[in-house]
Visitor: 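Submitted below is the structure of interest, expressed as C-alpha cells.
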Amino acid sequence: MATTSADVRAVAQLAQLRIEDDAIDDVTERFNRILDLVAELQQIDTQGVEPMSNPHDMEQRLRPDAVTEQVDRTALQDVAPAVEDGFFLVPRVID
Amino acid sequence: MSWEVVMGLEVHLQLATDSKIFSGAANRFGADPNEQACAVDLGMPGMLPVLNERAVRFAVMFGLGVGARIGKRSVFDRKNYFYPDLPKGYQVSQFFEPIVCEGQFDVPRPDGSLFPSRSTRDHLEEDAGKSVHDAYAGQTGIDLNRAGTPLLEIVTEPDFRTAEQAVAYLKSLHSLATYLGISDGNMAEGSMRCDINISLRPQGSDEFGTRTEIKNVNSFRFVERAIAVETERQMDILESGGQVVQETRLYDADRNETRSMRSKEVANDYRYFPEPDLLPIVLDDHYIDTLKAELPELPGAKRARFIDSYELSDYDASLLVASRDSADFFEAATGISKSPKLTANWMLGDLAAALNRESLTISESPVSAAALAGLIVRIADDTLSSKLAKQVFEGLWLGEGSADEIIEARGLKQVTDTGALEQMVASVITDNPDQVAQYRAADEGKQKKLLGFFVGQVMKASKGQANPQRLNALLKDMLDG
C-alpha cells in the first residue's frame with residue numbers, strides 16, 4: 001500500500017502535527033510500514049465475526065442523574081496559561 | 001427553469017437533565033464562565049466519562065415518541081476535530097450504532113392537515129463549550145459550562161421541499177420534546193438548534209444537486225428566512241451556469257444572508273472510531289416497554305382526541321395542542337364551560353391576541369382557565385352578546401374579578417327580557433314615524449337595509465346591551481305590524 005507524502009501531510013494537518021520537510025520521507029515510510037501491518041490484518045477472513053467496539057465483554061453502567069461535582073474554578077484554572085473574567089483565553093480563532 | 005428545493009434537517013436538542021451527560025457537574029444555563037465545568041468537562045488528563053441514566057432514558061422516550069426503532073445496543077464513538085471549545089480534541093458522539101434508529105411520524109401543517117416525516121436516526125452526544133471572539137484583544141475567551149451538556153441529535157431524511165414544511169416539522173419536534181419533558185425547548189438559550197442541508201434540482205429530476213449546510217439556526221423565523229435566502233443564492237448560481245460549492249454556511253440574521261464559514265473549508269474528516277472509555281449501552285425489552293407505557297399523551301394523539309371528542313376543526317385542534325400548557329388550559333376551561341368550540345375561539349382569538357401583545361405565554365396568562373370559562377358560560381347562556389363579552393374579557397384581563405362580578409360592576413348584562421325590549425322598540429317606532437313609513441313602503445331587499453337604522457336606535461337606547469338576535473326578531477315583528 002503506497003501512501004504518499006501528500007497523504008501524510010493531510011493526516012498531520014488533521015491531527016494538528018507539524019512535520020518538517022526533511023522528515024517527511026522518513027515519516028511516510030514508517031507510516032507505510034504500519035499500514036502494511038494493517039493490510040496484513042485485513043486479509044483475515046472476518047465473515048460472521050461481530051465488530052468489536054470494546055475489548056471488555058461488558059455493558060455500560062449508568063450513573064444516576066445527580067449533581068455530584070462542585071467546581072473549584074480557581075484550582076482548575078491554575079494550570080491555564082491565560083485566564084480572564086473566568087474565561088480561558090486562547091489565541092484568537094475566527095470563523 | 002423551475003427548481004425544486006430539497007432539504008434535510010439536523011436538530012440538536014439539549015436534554016433537561018440535572019447533571020452533564022458524562023460528569024456530575026450541574027447542567028444549568030446562565031452560570032458564570034467555567035463555574036459548571038468540572039475536570040471531566042475540561043478534558044483533564046485521566047478523567048473518565050460515566051454515562052447519565054436520565055440522558056439515555058430521555059433519548060429512548062423521544063425515539064418512542066417519534067415512532068422510531070430503538071437501538072437495543074448502541075455505541076459511542078469519538079468524532080475528532082480541533083477547536084478550543086472542545087477541550088479533548090474529540091466529541092463523544094454516536095456514529096455507527098445510534099440509540100434511536102429510523103422512524104416516521106405525522107407533522108401538522110399550518111392548516112391542520114398532516115404530512116409524514118421520516119427520521120434517519122437520533123443519537124446521543126455531548127455539547128461543546130462556547131467561544132467569545134470579540135471581548136479580548138487578539139484572543140478568544142472560552143467558557144466550557146456548556147461542554148458535556150447532553151444533546152440528542154435528530155437527523156431527518158431529505159424529505160422537505162418548502163420552508164413551511166421544515167418549520168412545521170421543527171415546531172412539532174419542539175412540541176413533542178416539551179410534552180415529554182425531555183428539553184425546556186428554550187430556543188433563545190440554544191436548547192434547540194437546527195442545521196439545514198439544502199440543495200436545488202430541476203423540477204422533475206430525481207438526482208440530488210450539490211448541497212450546502214447552514215449551521216446552528218436557532219429560531220423558527222430564522223429557519224424560514226435562511227432557507228429563503230439560501231434558495232435564492234443557489235438559484236442565482238445555477239441559473240447563471242455556475243456550480244454550488246459543497247460547504248458549511250452561517251446564517252447572519254442582521255444582514256439576512258448566508259455566508260461561507262471559511263474555517264470549515266478543509267474537507268471534514270472526523271476519523272470516527274469507537275470510544276474506548278465507554279462500553280456499549282444495552283437496553284432490554286422490559287426497559288423500553290416500561291418507558292413506552294409511561295409516555296404521556298403526545299400531541300398527535302391529543303389532537304385526534306380533541307377533534308373527536310370536542311368536535312374541533314383540524315386547525316383549532318393543532319393550535320391548541322401545540323403546547324402542553326395550552327392543551328391543559330383548554331381542557332380545564334372546557335371542563336367548566338362545557339362549550340368547547342366557544343372556548344377554542346376565545347383562546348385562539350382574544351386571549352391569544354392579548355397574550356401576544358404583552359409577550360406572555362399561556363402559563364403566564366392573567367386570565368385563568370376558570371376565569372375564561374366563567375365568561376364563556378355567560379356567553380353561552382345569552383347573558384352576554386359577543387360585544388359585551390369583549391368588555392368583560394377586558395375586565396378579566398385587568399384583574400377586576402370574575403366574569404359575573406365584572407358584569408355586575410360594569411352593568412353589562414344584555415337585555416334579553418322581551419318585555420323590556422318591547423318597550424324600547426315601541427318607543428323607537430313612535431319617535432321615528434317617517435322611517436317607519438319608509439320601511440313599510442319598501443320592498444324586502446330595501447327593508448333589510450332600513451332595519452339597521454332601527455337596530456341602531458334600540459342599541460343606543462339600551463346602551464349596547466340589547467340581545468341582537470332577539471332585537472332583530474322583535475323589530476321585524478313590530479314593524480311588520
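Here is how names work: the chains are called A, B, and so on, in the same order as the sequence lines, proteins then strands, and each is numbered from 1. Given the structure is predicted, the values throughout are model-derived calculations rather than measurements. What you see below is based on every heavy atom in this structure, not just the backbone, and it leaves out hydrogens, waters and symmetry mates.
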Visitor: Let's test your reading of the structure: which of A/Glu59, A/His56, A/Arg63 forms the most heavy-atom pairs below 4.5 Å with chain B?
Guide: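 Top option by heavy-atom pairs under 4.5 Å: A/Arg63.
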
Visitor: Give the member of A/Ala15, A/Pro55, A/Ala10, A/Pro64 that has the highest number of heavy-atom pairs under 4.5 Å with chain B.
Guide: A/Ala15

Visitor: Heavy-atom distance under 4.5 Å to chain A: side chain of B/Arg57, backbone, both or neither?
Guide: neither

Visitor: Which atoms of A/Asp72 come close to chain B, meaning under 4.5 Å heavy atom to heavy atom: side chain ones, backbone ones, both, or neither?
Guide: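 Contact with chain B involves no heavy atom of A/Asp72 at all.
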
Visitor: Which one wins on heavy-atom pair count under 4.5 Å against chain A: B/Gly138, B/Ala26, B/Ala135, B/Ser131?
Guide: B/Gly138

Visitor: So for A/Val83, is it side chain, backbone, both, or neither that comes closer than 4.5 Å to the heavy atoms of chain B?
Guide: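 Neither part.
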
Visitor: Relative to chain A, which segment of B/Val56 carries a heavy atom at a distance below 4.5 Å: side chain, backbone, both, or neither?
Guide: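 Side chain of B/Val56 only, per the 4.5 Å heavy-atom cut-off to chain A.
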
Visitor: Counting heavy-atom pairs closer than 4.5 Å to chain A, which one of B/Ala55, B/Ala37, B/Pro276 comes out on top?
Guide: B/Ala37

Visitor: Could you tell me the separation between the CD atom of B/Glu247 and the OG1 atom of B/Thr258, rounded to the nearest 0.5 Å?
Guide: 8.0 Å

Visitor: What part of B/Gln139 lies closer than 4.5 angstrom to a heavy atom of chain A: side chain, backbone, both or neither?
Guide: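 Backbone plus side chain of B/Gln139, per the 4.5 Å heavy-atom cut-off to chain A.
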
Visitor: When heavy-atom pairs shorter than 4.5 Å are enumerated against chain A, which of B/Ala137, B/Gly89, B/Gly129, B/Pro84 gives the highest number?
Guide: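 Of the candidates given, the most pairs with chain A belong to B/Pro84.
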
Visitor: Report yes or no: do B/Gln14 and B/Ser183 form a side-chain donor-acceptor pair below 3.5 Å?
Guide: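 No, because no side-chain N or O of B/Gln14 sits under 3.5 Å from a partner of the opposite role on B/Ser183.
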
Visitor: On the ring face of B/Phe273, is B/Arg78 found with NZ or CZ under 6.0 Å from the centre and within 45° of the axis?
Guide: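 No, B/Arg78 does not sit over the ring of B/Phe273.
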
Visitor: Using a 4.5 angstrom heavy-atom cutoff, name the option from B/Asn27, B/Val75, B/Leu144, B/Val40 with the most pairs to chain A.
Guide: B/Val75

Visitor: Is the closest side-chain donor-acceptor distance between B/Tyr272 and B/Asn80 under 3.5 Å?
Guide: no

Visitor: Which of the residues A/Gln70, A/Gln16, A/Gln77, A/Gln60 is involved in the greatest number of heavy-atom pairs with chain B at under 4.5 angstrom?
Guide: A/Gln60

Visitor: So does B/Arg73 pair up with B/Glu97, basic N to acidic O under 4.0 Å?
Guide: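 Looking at B/Arg73 and B/Glu97, the cut-off is met.
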
Visitor: Donor-acceptor check, side chain of A/Asp65 to backbone of B/Glu53, threshold 3.5 angstrom: yes or no?
Guide: no

Visitor: For the residue pair B/Leu278 and B/Phe22, establish whether any side-chain heavy-atom pair is separated by less than 4.5 Å.
Guide: yes

Visitor: Output yes when a side-chain donor or acceptor of B/Asp77 lies under 3.5 Å from a complementary backbone atom of B/Phe96, and no otherwise.
Guide: yes

